[in-house]
Amino acid sequence: MFSVSPRCVDTKPQDMSAAKGGLVIFTANSNPSSRELGRRIAERLGVELGKVQVYQEANRETRVQIEESVRGKDVFIIQTVSKDVNTTIMELLIMVYACRTSCARNIIGVIPYFPYSKQCKMRKRGSIVSKLLASMMCKAGLTHLITMDLHQKEIQGFFNIPVDNLRASPFLLQYIQEEIPDYRNAVIVAKSPASAKRAQSFAERLRLGIAVIHGEAQDAESDLVDGRHSPPTVKNIGAIHPSLEIPLLIPKEKPPITVVGDVGGRIAIIVDDIIDDVDSFLAAAETLKERGAYKIFVMATHGILSSDAPQLIEESAIDEVVVTNTIPHEIQKLQCPKIKTVDISMILSEAIRRIHNGESMSYLFRNIGMDD
């Protein structure tokens, strides 16, 4: 695992248990592979992980048993998202509530990847699930949240408690500078216009060019023109006054794939916040290869890598996928050697230390603008 070398942060283990009120760190995940991040954070802080039992009963109910006193202490609950995301959420909620009923002074959730973050907007008759999840966490007793690279920064507004949305970009930028020898010949790529702001942030910090992929592949013969997908005729129900004519919004139509920017003879570095379904990344890589890019990297904060993503990456034109350890993906790494990991436990442990000691968090947000 690639570990970022310390620059300005003192990483020597410190005795945090001697601080006023005491500090307890729990990992709320019953999955052993998901507890690795908690162990790394505790090691950096020089404390032992709290004693707790988290397990599933025969009927799939989640049971949490805290085995040490948390009365009057600052409790930090580290929860990484496992494959069973709904069980992960219940483990967190039950543990938070258990600490609340055990008279913990503060209960801080450390959730590097916030689940359901893509469901943060209303779509037709759907629901804003991330708002629901935020309300459940606050109701359970959470008093503070530490997370990383929310899919939409506006999710912070769903909470009525303080939220620290940390950034993984310094670690990914350092990986580019130290692990890609000829990165000066690279171009930062947004695989869609929606990712352009993130790509621009990377490009400006590395003093590199930027390229944006726009459009979608066009079929030679589309079945959309033979009438089978034509909408049925709608009778005028008369709900609107006959004299009113409301203008219809022209439907969107994506143009054929175009790459805005020069990638010929360059290293292409695709940046995004989440890599889960890899189809769009594979299509972007193929497009970049056709345009002359000779090496392709993918950089993302959260590597969910569901289903057969590792196999597809291994067989694709992508040379390397770099993600952080906000989500455990050791199994995926065994299936695909192209996947590399950057450790972000340093910034999470520093955030925990500062919150526990009542220090300012602004140090961790230096040089971060509104668009980052």
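Atom set for the values below is all heavy atoms of this structure, side chains included, hydrogens, waters and symmetry mates excluded.
Distance check, rounded to the nearest 0.5 Å: NE2 of His356 to CD1 of Ile25 gives 9.5 Å. Rounding to the nearest 0.5 angstrom, the gap separating the CG atom in Leu348 from the CG atom in Asp164 is 11.0 Å. Remark: Glu204 CD to Gln200 CD distance equals 4.5 Å, nearest 0.5 Å. Atom CZ of Arg291 sits about 8.5 Å away from atom CG of Leu288, to the nearest 0.5 Å. In this structure, CD1 on Ile275 lies 7.5 Å from CD1 on Ile339, to the nearest 0.5 angstrom. From Tyr183, atom OH reaches atom CG of Leu173 across 9.5 Å, with rounding to the nearest 0.5 Å.
Within 6.0 Å of the CD atom in Gln65, the count of heavy atoms belonging to other residues, nucleotides or ligands does not exceed 12. By the 6.0 Å contact criterion, CG on Asp182 is enclosed, its count of non-hydrogen atoms from other residues, nucleotides or ligands being greater than 12. Lys83 NZ: 12 or fewer foreign heavy atoms inside a 6.0 Å radius. When the shell of 6.0 Å around CD of Gln152 is examined, it contains more than 12 heavy atoms from other residues, nucleotides or ligands.
Here the side chain of Lys338 pairs a donor or acceptor atom with the backbone of Ile313 at under 3.5 angstrom. Looking at His151, its side chain never comes within 3.5 Å of a backbone N or O of Gln119 through a donor-acceptor pair. The backbone N or O of Ser360 sits less than 3.5 Å from a side-chain atom of Arg354, completing a donor-acceptor pair. When atom types are taken as modelled, the side chain of Ser345 and the backbone of Leu37 share no donor-acceptor pair closer than 3.5 angstrom. A donor-acceptor pair under 3.5 Å links the side-chain atoms of Lys340 to the main chain of Pro337, judged by distance alone. Within the 3.5 Å criterion, the main-chain N or O of Ala58 finds no donor-acceptor partner in the side chain of Arg60. Here the side chain of Asp276 pairs no donor or acceptor atom with the backbone of Ala309 at under 3.5 angstrom. A donor-acceptor contact shorter than 3.5 Å links the side chain of Arg35 to the backbone of Asn29. Listed for the Arg105 side chain is no donor-acceptor partner under 3.5 Å among the backbone atoms of Cys103. At least one donor-acceptor pair closer than 3.5 Å links the side chain of Asn165 to the backbone N or O of Asp149.
Linking ILVMFWY side-chain heavy atoms closer than 4.5 Å, directly or via other members, places Val47 and Ile146 in a single hydrophobic cluster. Using a 4.5 Å cut-off between side-chain heavy atoms of Ile, Leu, Val, Met, Phe, Trp and Tyr, with links allowed through other members, Ile274 and Phe202 fall into different hydrophobic clusters. Hydrophobic clustering, with ILVMFWY side chains joined whenever heavy atoms are under 4.5 angstrom apart, groups Tyr113 together with Met136. Both Val54 and Val85 are members of a single hydrophobic cluster when ILVMFWY side chains are connected at heavy-atom separations under 4.5 Å. Both Ile344 and Met299 are assigned to one and the same hydrophobic cluster, defined by single-linkage of ILVMFWY side chains at heavy-atom distances under 4.5 Å.
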Trace of the side chain to side chain donor-acceptor pair (under 3.5 Å) decision for Ser117 with Ser130: CA-CA 6 Å; Ser117 59; Ser130 54; over 6 Å; no
Yes or no on side chain to side chain contact (heavy atoms under 4.5 Å, CB included) for Val321 and Val278, after CA distance, side-chain angles and deciding distance? CA-CA 11 Å; Val321 174; Val278 298; over 6 Å; no
For the pair Arg207 and Arg184, evaluate side chain to side chain contact (heavy atoms under 4.5 Å, CB included) and give the outcome as yes or no after the intermediate values. CA-CA 8 Å; Arg207 313 297 192 266; Arg184 287 294 180 189; 4.0 Å; yes
Side chain to side chain contact (heavy atoms under 4.5 Å, CB included) between Ile176 and Phe297, intermediate numbers included: CA-CA 10 Å; Ile176 293 172; Phe297 290 80; over 6 Å; no
Intermediate values then yes/no, side chain to side chain contact (heavy atoms under 4.5 Å, CB included), Leu312 and Phe281: CA-CA 10 Å; Leu312 294 174; Phe281 290 92; over 6 Å; no
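For the pair Lys289 and Glu286, the salt-bridge criterion is not met [side-chain N within less than 4.0 Å of a carboxylate O]. Checked for salt-bridge contact, Arg353 and Glu359 meet the test: a charged N lies under 4.0 Å from a carboxylate O. Looking at Arg44 and Asp343, a side-chain N of the basic residue comes within less than 4.0 Å of a carboxylate O on the acidic one, giving a salt bridge. Ion pairing between a basic and an acidic side chain is recognised when a charged N comes within 4.0 Å of a carboxylate O; Glu68 and Lys51 show no such pairing. Salt bridge status for Arg39 with Glu43: absent, with no side-chain N to carboxylate O gap under 4.0 Å.
The two residues Ala190 and Ala199 make their nearest non-hydrogen contact at CB-CB, 3.8 Å. The nearest pair of heavy atoms linking Val75 to Ala104 is CG2-CB, 3.7 Å. Taking both residues in full, the closest heavy atoms of Ser280 and Lys191 are given as OG-NZ, 3.4 Å, listed atom of the first, atom of the second, then distance. Listed here is the closest heavy atom pair of Pro310 and Leu305: CD-O, 4.2 Å. For the pair Ala351 and Met361, the tightest heavy-atom approach, listed with the atom from each and the gap, is CB-CE, 3.7 Å. In terms of heavy-atom proximity, Val64 sits nearest to Met95 at CG1-CE, 3.9 Å.
Below 30°, between 30° and 60°, or above 60°: for Phe159 and Phe114 the angle between ring planes is above 60°, a perpendicular geometry.
Side-chain contact check for Glu314 versus Gln335: every heavy-atom pair is 4.5 Å or farther apart. Residues Arg40 and Asn325 are in side-chain contact: their nearest non-hydrogen atoms beyond the backbone lie under 4.5 Å apart. Counting heavy atoms from C-beta outward, Thr62 and Gln56 have side chains that approach closer than 4.5 Å. Between Ile327 and Thr80, the closest side-chain pair of non-hydrogen atoms is not below 4.5 Å. Between Cys99 and Phe26 the shortest side-chain heavy-atom distance falls below 4.5 Å. Counting heavy atoms from C-beta outward, Ile267 and Tyr294 have side chains that approach closer than 4.5 Å. Residues Ile355 and Asn106 have side chains not in contact (no heavy-atom distance under 4.5 Å, counting atoms from C-beta outward). By the 4.5 Å heavy-atom criterion applied to side chains, Ser195 and Val271 are not counted as neighbours.
Paired with Met137 under the rule side-chain contact (heavy atoms from CB on, under 4.5 Å), one option of Ile89, Leu132, Ile111 passes, and it is Ile111. Checked against Leu142 for a side-chain contact (heavy atoms from CB on, under 4.5 Å), the options Ile107, Ile77, Ile108 give a single hit: Ile107.
With a 6.0 Å cutoff to the six-membered ring centre and a 45° limit on the axis angle, Arg366 counts as a cation-pi contact of Tyr363.
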